[in-house]
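Here is the structure we will look at, set down as structure tokens.
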Amino acid sequence: MSASSPASQSDGADRCSRRSLISGLTALTISLASGRSGAAAVRADRVCSVVMDTALGPIRVLLELGRAPLSAGDFLKYVDRGLYAGGTFYRTVRPDDDPKPVKIEVVQGGLTDDSKFLAPIAHEPTNLTRLRHRNGTISIARNEVGTGSAGAFFICVGDQLELDFGGKRNPDGQGFAAFGHVTSGMELIRQMGALKTQGPPGSPGGELIASPVQILGAHRV
């Protein structure tokens, strides 16, 4: 993944979140059209709750299906197909290990088996969904615009508005696709965020959790 993406900084993270690429300009065009048509087709207040069972305990998230139908819908595909079972929370980015000038604090999780990744989806920027990267927001990790899928996601620890459309974390200015937020279990995310990493800050394993937290499964509630 690109150095600007919350989804990776090293070969290890790349293996955890590899996916097919789509041309950035083409994907951006698709994303704008898809975002508008999706918003028109789905009620803006449509939501769905999901529980992710982890080795540390359950984490409950509320998905914004009405406001971010592509991203939230993709997450539900992984849930309904049982694909998160066997995945992990494997990356922590925090001010003390983040080498980028624009610091963020997030915990990333998802699949660790490349063969289980579904096709990437078009990018849903926050200027269309009107969602923000606040404390507990769950969002799609990506490289270039249109390369992301819910097979790799991250959860914000504290408000991370530089991840929104127009934010400075990613040079393309498109931000990341927020699609829901944690409603219970945020203390577990913070616990994961403080875990020991494989190496010192700035090293290849500086953001990779030494003992990743297993995802046992996920289901709708």
Side-chain angles (χ1 to χ4, degrees), residues 1 5-10 12-13 16-17 47-64 68 71-72 74-76 78-79 83-98 100 102-112 126 129 131-142 148-164 167 169 175-198 201 205-221:
M1 286 198 160
S5 168
S8 81
Q9 182 190 22
S10 66
C16 290
S17 53
V47 296
C48 178
S49 287
V50 167
V51 169
M52 302 191 75
D53 294 306
T54 79
L56 295 180
I59 298 168
R60 185 165 179 160
V61 297
L62 186 71
L63 307 181
E64 296 278 2
S71 304
D74 196 52
F75 188 87
L76 278 181
Y78 283 89
V79 170
L83 295 175
Y84 286 126
T88 65
F89 283 90
Y90 52 81
R91 183 173 179 239
T92 174
V93 184
R94 53 189 187 236
D96 69 313
D97 70 18
D98 187 358
K100 304 293 185 300
V102 178
K103 307 296 183 184
I104 60 171
E105 190 167 1
V106 302
V107 174
Q108 182 172 319
L111 278 58
T112 55
T126 59
T129 64
L131 298 173
R132 306 295 304 276
H133 285 85
R134 301 287 189 182
N135 182 48
T137 294
I138 184 169
S139 189
I140 299 286
R142 69 172 176 90
S149 85
F153 58 86
F154 63 90
I155 295 173
C156 294
V157 179
D159 292 351
Q160 306 297 329
L161 302 186
E162 293 293 353
L163 299 177
D164 290 345
R169 175 66 178 192
F176 295 83
F179 62 91
H181 63 276
V182 174
T183 56
S184 66
M186 195 61 198
E187 70 280 1
L188 302 181
I189 296 299
R190 291 185 180 277
Q191 185 177 342
M192 294 178 198
L195 291 174
K196 181 181 178 181
T197 58
Q198 294 178 9
E207 295 177 357
L208 298 179
I209 296 172
S211 297
V213 177
Q214 294 293 315
I215 299 174
L216 308 178
H219 59 277
R220 301 191 194 211
V221 290

In Å, rounded to the nearest 0.5 Å, how long is the span from [atom1] of [X] to [atom2] of [Y]?
| X | Y | atom1 | atom2 | answer |
| --- | --- | --- | --- | --- |
| Leu63 | Ser71 | CG | OG | 10.5 Å |
| Leu163 | Ser139 | CG | OG | 7.0 Å |
| Ile140 | Ile138 | CD1 | CD1 | 7.5 Å |
| Glu105 | Phe154 | CD | CZ | 13.0 Å |
| Leu131 | Thr137 | CG | OG1 | 7.5 Å |

| Could you go step by step and tell me if Gln160 and Val93 meet the side-chain contact (heavy atoms from CB on, under 4.5 Å) rule? | CA-CA 12 Å; Gln160 306 297 329; Val93 184; over 6 Å; no

Could you tell me if the side chain of [Y] sits less than 4.5 Å from the side chain of [X], heavy atoms only?
| X | Y | value |
| --- | --- | --- |
| Phe176 | Val106 | no |
| Ile155 | Val157 | no |
| Met52 | Ile215 | yes |
| His133 | Thr126 | yes |

Given 3.5 Å as the limit, does a donor-acceptor pair link the side chain of [X] with the main chain of [Y], or not?
| X | Y | result |
| --- | --- | --- |
| Glu162 | Lys103 | no |
| Asp159 | Leu161 | no |
| Arg94 | Val107 | no |

Identify the two heavy atoms, one from [X] and one from [Y], that lie closest to each other, and give their separation to 0.1 Å.
| X | Y | value |
| --- | --- | --- |
| Ala55 | Val213 | N-CG1, 4.2 Å |
| Ala210 | Pro212 | O-CD, 3.5 Å |
| Thr112 | Gly86 | OG1-O, 3.7 Å |
| Cys48 | Leu76 | SG-CD2, 4.1 Å |

| remark: side-chain hydrogen bond (donor to acceptor under 3.5 Å, both in side chains) filter on Asp74, not counting sequence neighbours, yields none

Please tabulate, for the side chains in residues 177-197, all donor-acceptor contacts under 3.5 angstrom to protein atoms that are two or more places apart in sequence or on a different chain.
residue, atom, partner, partner atom, Å
Thr183, OG1, Arg60, O, 3.3
Arg190, NH2, Asn135, OD1, 3.3
Thr197, OG1, Gly199, O, 2.9
Thr197, OG1, Gly206, O, 3.4

| field | ring-ring contact (aromatic ring centres under 6.0 Å, His included) partners for Tyr84, two or more places apart | value | Phe75, Tyr78, Phe153

| note | For Arg132, the salt bridge (charged side-chain N to carboxylate O under 4.0 Å, His left out) test, sequence neighbours excluded, returns Asp164

| Excluding sequence neighbours, so at least two apart, what forms salt bridge (charged side-chain N to carboxylate O under 4.0 Å, His left out) with Asp53? | none

